[in-house]
Amino acid sequence: MAQTLAELARRGVTVRPGTVADVIEQNVGTVAARLGIQVRSAWRYFDAAGLADTIARQQQEFKDGSDARVVGQAPMPPVDNPELALIMASVPDSLAETGGDLYTVILNIAVNAWMAGHVHGEDGCDGCEGSRGPSGHDWEARMKAIAEGVPDITKWFDRDVWTAALHDSGFSVERR
């Protein structure tokens with residue numbers, strides 16, 4: 001694993017060590033199974049530089065395949081969505097409230113984002129038609145109410161504002 005991580009570092013690629021270890025274990029196990037040999041014998045076929053090349057290529061393909069134009073398209077909420085800004089704004093406070101329990105914070109964010117995404121998606125969801133009772137669902141009114149309640153809510157899309165709030169909460173993200 002150390003060799004593969006060193007090879008990745010030479011290529012300017014950062015990957016979580018546990019992920020690399022999992023990939024190596026899976027690959028060596030696959031080689032052993034396909035060749036009908038013991039796992040310890042399959043290690044002679046392991047190539048740290050080759051694996052690093054593959055991971056680096058996959059990461060580059062992912063970056064190249066990411067298209068900024070899809071931001072704001074389903075399933076993503078529109079850019080500057082006030083509800084998404086509320087979710088982002090809740091992270092620093094949630095960290096402080098939970099004493100830094102990142103699991104709880106991420107779970108809360110995921111559930112809120114999931115629900116917010118579905119709320120936004122209901123306008124075009126045939127299966128959701130009428131699911132909110134006779135009053136229906138007025139997504140634009142909801143976004144307007146959020147924006148009126150917190151006029152500067154979209155400030156949370158500014159990375160510097162969010163990072164400053166995170167630091168003010170007493171927490172930060174550091175790589176070890």
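Start at 1 with the first residue, then count along the sequence. Values below: all heavy atoms of this structure, side chains included; hydrogens, waters and symmetry mates excluded.
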**Student:** If the condition is side chain to side chain contact (heavy atoms under 4.5 Å, CB included), which residues does Tyr45 pass it with, not counting sequence neighbours?
**Tutor:**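 Testing Tyr45 for side chain to side chain contact (heavy atoms under 4.5 Å, CB included), a comparison that skips the adjacent residues, returns Val31, Leu35, Ile37.
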
**Student:** Please report the interatomic distance CE(Met88) to CG(Leu166), rounded to the nearest 0.5 Å.
**Tutor:**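 Met88 CE to Leu166 CG: 11.5 Å, rounded to 0.5 Å.
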
**Student:** Which residues pass the side chain to side chain donor-acceptor pair (under 3.5 Å) test with Asp47, not counting sequence neighbours?
**Tutor:**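 None.
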
**Student:** When you look at Leu84 and Phe157, which way does the side-chain contact (heavy atoms from CB on, under 4.5 Å) test go after all the steps?
**Tutor:** CA-CA 9 Å; Leu84 178 58; Phe157 291 108; 3.7 Å; yes

**Student:** Is Lys155 salt-bridged to Asp152, going by a charged N under 4.0 Å from an acidic O?
**Tutor:**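 A salt bridge links Lys155 with Asp152.
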
**Student:** If I compare all heavy atoms of Met1 with all of Pro17, which pair ends up nearest, and what's the gap?
**Tutor:**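 So the two residues come closest at SD-O, 3.3 Å.
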
**Student:** Name all pairs fulfilling the side chain to side chain donor-acceptor pair (under 3.5 Å) condition that reach into residues 21-35, sequence neighbours left out, sorted by first residue then second.
**Tutor:**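 The answer is none; no pair qualifies.
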
**Student:** Enter the distance from Ile55:CD1 to Glu7:CD here, rounded to the nearest 0.5 Å.
**Tutor:**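 One finds 11.0 Å between CD1 of Ile55 and CD of Glu7.
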
**Student:** Per the side chain to side chain donor-acceptor pair (under 3.5 Å) rule, what does the pair list look like for residues 93-109, sequence neighbours excluded?
**Tutor:**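 Every side chain to side chain donor-acceptor pair (under 3.5 Å) pair that includes a residue of residues 93-109, provided the two are not neighbours, is Asp101-Thr104, Asn108-Asn112.
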
**Student:** So, using side chain to side chain contact (heavy atoms under 4.5 Å, CB included) as the criterion, who are the partners of Gln38 when residues are at least two apart?
**Tutor:**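 Only Arg40, Ser41 meet the side chain to side chain contact (heavy atoms under 4.5 Å, CB included) criterion with Gln38.
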
**Student:** Applying side chain to side chain contact (heavy atoms under 4.5 Å, CB included), name anything that partners Ala48, two or more places apart in sequence or on another chain.
**Tutor:**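 Once residues adjacent in sequence are excluded, the partners of Ala48 under the side chain to side chain contact (heavy atoms under 4.5 Å, CB included) criterion are Gln3, Thr4, Phe46.
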
**Student:** Restricting to non-hydrogen atoms, name the atom on Gly99 and the atom on Phe171 that form the minimum distance, rounded to 0.1 Å.
**Tutor:**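 Smallest heavy-atom distance, with atoms named: C-CZ, 3.5 Å.
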
**Student:** Would you name the heavy atoms of Pro92 and Ser169 that are closest together and state the gap between them?
**Tutor:**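 Smallest heavy-atom distance, with atoms named: O-CB, 3.4 Å.
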
**Student:** Looking at CD1 of Ile24 and CG of Leu51, how far apart are the two atoms once the value is rounded to the nearest 0.5 Å?
**Tutor:**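 Reported to 0.5 Å precision, the distance equals 5.5 Å.
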
